[in-house]
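Atoms within each ligand, like the ligands themselves, are counted from 1 in listed order. What you are looking at is a predicted structure, and each value in this text was computed from that prediction instead of being measured.
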Amino acid sequence: MPRKPLLIAHCRQLLTLRGSRPEASGPRRGRALGELGLIRDGAVLIAGGRIEAIGPTRRVERHRLARRAEKVNARDYIVLPGFVDSHSHLIFPASRAGEYEQRIAGVSYEEIARRGGGILSTVRSLRRATGSQLAPQARRWLAQFAAHGTTTLECKSGYGLDLKSEIKILEVIRRLSREGPVELVATFLGAHVVPPEYKRRPDRYVELLIRRMIPTVASRNLAEFCDVFCDRGAFTPAQARLILTSARVCGMDPRLHAEQLARTGGARLAAELHAVSADHLELISRADIKRLAASPTICTLLPGAVFHLGKSTYAPARALIEAGAAVALATDFNPGTSPTVSMPMILSLACTQMRMSPAEAIVAATLNGAHALRRAERLGSLEAGKQADLAAFALCDYREIPYYFGTNLCRWTLKRGRVIYDADGQIPR
Ligand SMILES: [Zn+2]
C-alpha cells in the first residue's frame with residue numbers, strides 16, 4: 001500500500017536554500033553562499049519520497065494532497081536539508097587513540113607515520129579483517145551520522161592498498177549503501193599512501209594503480225570517483241596527474257587531498273584537471289586561491305582535522321569565498337585525524353575558526369556538498385521535485401546550530417521521506 005503523504009507544518013524556520021537566482025544551477029559562490037531561503041512558519045509536503053510542495057504553511061496546507069497527509073507540527077524546530085558530507089573514510093577496523101595520546105605528548109603526525117603508525121597501522125589491521133568484521137562498526141557510525149542530521153555520505157577506500165583489500169572496502173560500502181539509512185557515495189583512494197611493500201619503488205605502485213587497480217574497480221562499478229592524497233609523504237603532483245588522468249579514462253571523476261601537510265602543488269593540479277573537488281587546502285597560496293576560484297573545482301574544507309591534530313592553521317575560507325571559489329564543508333571522518341561524525345561540530349569550527357557565517361556554513365554543508373558529489377539536482381536543498389532528505393533541530397534560530405557546540409541538538413532526520421532518526425518519536429513511521 002502506498003504511504004500517505006507527510007506534511008511537516010509550522011516549522012519555526014524552514015531553510016529551503018532557495019537562492020536569489022533560482023535559475024543558477026552551479027555551486028554557490030560569493031554572496032550567494034549565504035542565501036538560506038528562510039521561511040518562517042514554513043511547511044514541506046512529502047509524497048513518494050520527494051518534496052511535493054514547500055512554502056508558507058497556510059499555502060502548502062491548501063495543496064490537494066495536504067488534506068489526506070499525516071501531519072507533524074514542527075513549531076519547535078528548525079528544518080533544513082539533510083547534511084551532505086562529501087569527504088569521509090568510513091571503513092576502518094579500529095580507532096588510533098594510542099597515537100592521539102602520543103601526539104598530545106608532542107610527537108608529530110608525520111613522525112608517527114615514519115615509525116609505522118598512522119595510515120599504515122590502519123592498513124595492517126584492515127588487511128586482516130573480513131568484510132563482515134568491518135561492516136558492523138561502520139553501521140553503528142552510520143546510525144550516528146543520521147542522528148547528527150547527515151543523510152548522504154561520501155566514503156573512500158584507501159586503507160587496503162592492494163587490490164583485494166581495496167575491493168573488500170568498496171564492497172562493504174556498496175552493501176551498506178543498499179542497506180541504508182544513509183546514502184553512500186564511493187570513492188577509490190588506492191593512492192592514499194604508498195604501501196610498505198612498494199616503499200622503495202613508489203612508481204611501481206603507481207603503475208599497479210593505473211594498469212590493474214583502477215580498471216578493475218571501474219569495470220566492477222565499485223566507485224564513482226578516484227581520489228589521491230597528494231602531499232608530502234604520500235604522492236607527488238606528477239604521480240597524482242597520472243593516476244587521475246587514467247581514472248578519468250576509466251569513467252571515475254577525480255578529486256584530490258591537497259596542501260594539508262605541505263604545499264606541494266595539489267591545488268594547482270586540481271584546478272588544472274577540473275577535479276570535482278580539492279580537499280583540505282590549509283596551506284594554499286594566494287595564487288592557488290585565484291586558480292581555484294576560476295575553476296569549477298569545489299574547495300572542500302575539513303576543519304575537524306585541523307582541530308583534532310591540535311593545529312592552528314585552518315584553510316583560508318574567507319579569502320576563498322571572497323575570491324569567488326565554491327566552498328563545501330565535510331567531516332573527513334577517519335580514525336587518524338578527524339574522528340567525528342558531527343556536521344554541526346564542523347559548522348561550529350567553520351564559524352569560530354574560519355570566520356564563515358552560520359548561513360554560509362549551512363549552505364557549504366548541504367547544497368555545495370551535494371555539488372561536490374554531483375548530486376545537486378536531487379539533494380542539498382529543499383525544492384519541489386527534490387528528494388525529501390531533511391534534518392530538524394530543536395532550536396529557536398538557525399544560528400544556534402553552530403553556536404551550541406559539543407551537544408547534539410538534531411531531533412529527527414528523514415531520508416527519502418522516511419524516518420532514519422527520531423529522538424522525539426514525533427514522525428509517523
Ligand atoms: Zn581525507
Residue pairs, two or more places apart or on separate chains, that pass side chain to side chain donor-acceptor pair (under 3.5 Å) and touch residues 213-234: E110-R232, K156-D227, E171-R220, E224-R375, D227-H257
Under 2.8 Å from the Zn ion (ligand 1) - protein N/O/S, by chain and number: H87 NE2, H89 NE2, H257 NE2, D332 OD1
Candidates Y205, Y159, F92 - the one meeting ring pair (Phe, Tyr, Trp, His ring centres under 6.0 Å) with H192: Y159
Pairwise salt bridge (Lys or Arg N to Asp or Glu O under 4.0 Å) hits with a residue in residues 283-298, at least two apart: R263-D288, D288-R291
Minimum-distance pair of heavy atoms, taken over all atoms of P181 and A146: CG-CB, 4.5 Å
Side chain to side chain donor-acceptor pair (under 3.5 Å) involving R175 - partner list, sequence neighbours excluded: none
Stepwise salt bridge (charged side-chain N to carboxylate O under 4.0 Å, His left out) test for E183 and K415: CA-CA 8 Å; E183 176 177 347; K415 180 71 185 174; 2.7 Å; yes
